[in-house]
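Worksheet: the structure to be examined is printed underneath.
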Amino acid sequence: MIISDLVRDNVKKMKKYASAREEFKGEAKIFLDANENSFGSSSNEELNRYPEPIPIQLRKKLADYKKINDPEKIFLGNGSDEAIDLVMRAFCEPREDSIMLLPPTYGMYSVCANVNDLDIIQVNLNPDFSLNVKKIIQQAKDEKPKLIIICTPNNPSGNVYRNEDIEEILNNVPSLVLIDEAYIDFSSKTSWLERLDEFKNLIVIQTFSKAWGMAGIRLGMAFADKEIIDILNKIKYPYNINDVTTHIVLETLNDTSKKEDMVSKIIIERAYLMKEIAKIDILNEVLPSEANFFLARFNEAKKVYAFLKEQGIVVRDRSEQLHCEGCLRITVGRREENDMLLDALRQYSEEDQS
Ligand SMILES: *Cc1c(COP(=O)(O)O)cnc(C)c1O
């Protein structure tokens with residue numbers, strides 16, 4: 001696969017924005033080039049200077065942590081949503097190209113595709129939420145989508161896909177394949193990062209929003225062949241990662257034990273909540289999950305949703321989505337939160353029967 005053949009013409013031809021600091025080569029003492037405020041900052045932090053266009057130290061540290069052999073195979077974005085959007089903007093010609101989605105899946109993919117005015121080819125998951133590999137490959141060969149997005153563990157179903165299935169897709173489609181691993185830390189499966197160098201068309205994305213508990217700072221990552229990452233860096237906003245985010249994440253990476261502890265706790269809570277919730281008889285089914293959420297299928301999902309809402313407990317109603325009839329998506333919380341949810345559901349169940 002030749003990556004440059006997939007890039008949009010305008011992206012290939014354009015020059016990237018040259019920031020003031022990038023133009024100047026040498027050792028500067030006084031910075032009068034970027035119209036910043038030389039007196040300082042009205043915050044206590046020193047934030048008067050523009051951040052590095054690419055925070056090099058952070059990228060290097062992430063490469064070490066993730067065991068990526070070259071930091072230039074990493075793109076840093078304002079959340080992984082930025083990476084998803086930029087991949088579409090770099091490779092997909094509006095009103096001409098298509099992408100392939102595998103519903104039910106994360107809603108931002110179709111939002112980004114709509115913003116970029118791209119055709120969406122849908123190949124539904126099987127009713128057990130596995131990949132319809134034959135159909136995915138056939139449609140990809142017929143319709144040549146520029147991009148196929150595979151979310152594993154999948155949101156909202158929580159399941160992971162078989163490695164063999166994904167590998168077969170990677171090897172047999174004429175498209176880029178983006179694997180969204182937002183929830184990989186909660187899964188027993190290893191990341192596709194281990195196999196990044198085997199597939200020229202593979203893009204893996206991960207985020208600080210879930211396992212790291214840092215949704216508020218907006219940091220996402222894309223990992224791919226350097227050629228793909230260079231293109232994303234060429235078209236991104238010059239200062240997409242702010243200094244506050246960079247400093248906090250650098251500090252966090254000095255000691256990753258807190259994240260690991262939280263992930264272990266969430267996995268224990270997931271097992272507890274799924275086991276206890278399955279005992280409540282308004283429930284039809286609890287779907288297996290390798291994420292920090294799961295689907296629970298109710299007889300009357302909308303009524304349960306409304307009841308929980310009255311108690312101030314908010315879950316996600318996914319009952320309108322394909323194969324998710326009657327399903328609420330429940331995020332695993334802290335023990336006391338999970339117990340409050342369980343109490344509310346038990347109360348609903350008792351009132352339901354009387
Ligand atoms: C939450 C989530 C993300 C994270 O997006 P950010 O922009 O990094 O916060 C990405 N993909 C999926 C499937 C998600 O559920």
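We number each residue from 1, following the sequence as shown. Counting convention: from 1, in listed order, for ligands and their atoms alike.
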So if I only count non-hydrogen atoms and take anything under 4.0 Å from ligand 1, which residues does that give, chain by chain? G79, S80, D81, Y106, Y109, C151, N155, D180, A182, Y183, T207, S209, K210, R218
Just to verify, what does E337 make a side-chain hydrogen bond (donor to acceptor under 3.5 Å, both in side chains) with, not counting sequence neighbours? R334
Any luck finding a side-chain donor-acceptor pair between D197 and N69 under 3.5 Å? yes
Distance-only, no hydrogens or angles: does the T152 side chain make a donor-acceptor pair with backbone N or O of Y161 under 3.5 Å? yes
Do M100 and V115 share a hydrophobic cluster, counting only Ile, Leu, Val, Met, Phe, Trp and Tyr and linking them when any side-chain heavy atoms are less than 4.5 Å apart? no
Judged by modelled atom types alone, do N201 and S175 share a side-chain donor-acceptor pair under 3.5 Å? no
How long is the span from the CD1 atom in I136 to the CG atom in L131, to the nearest 0.5 Å? 4.5 Å
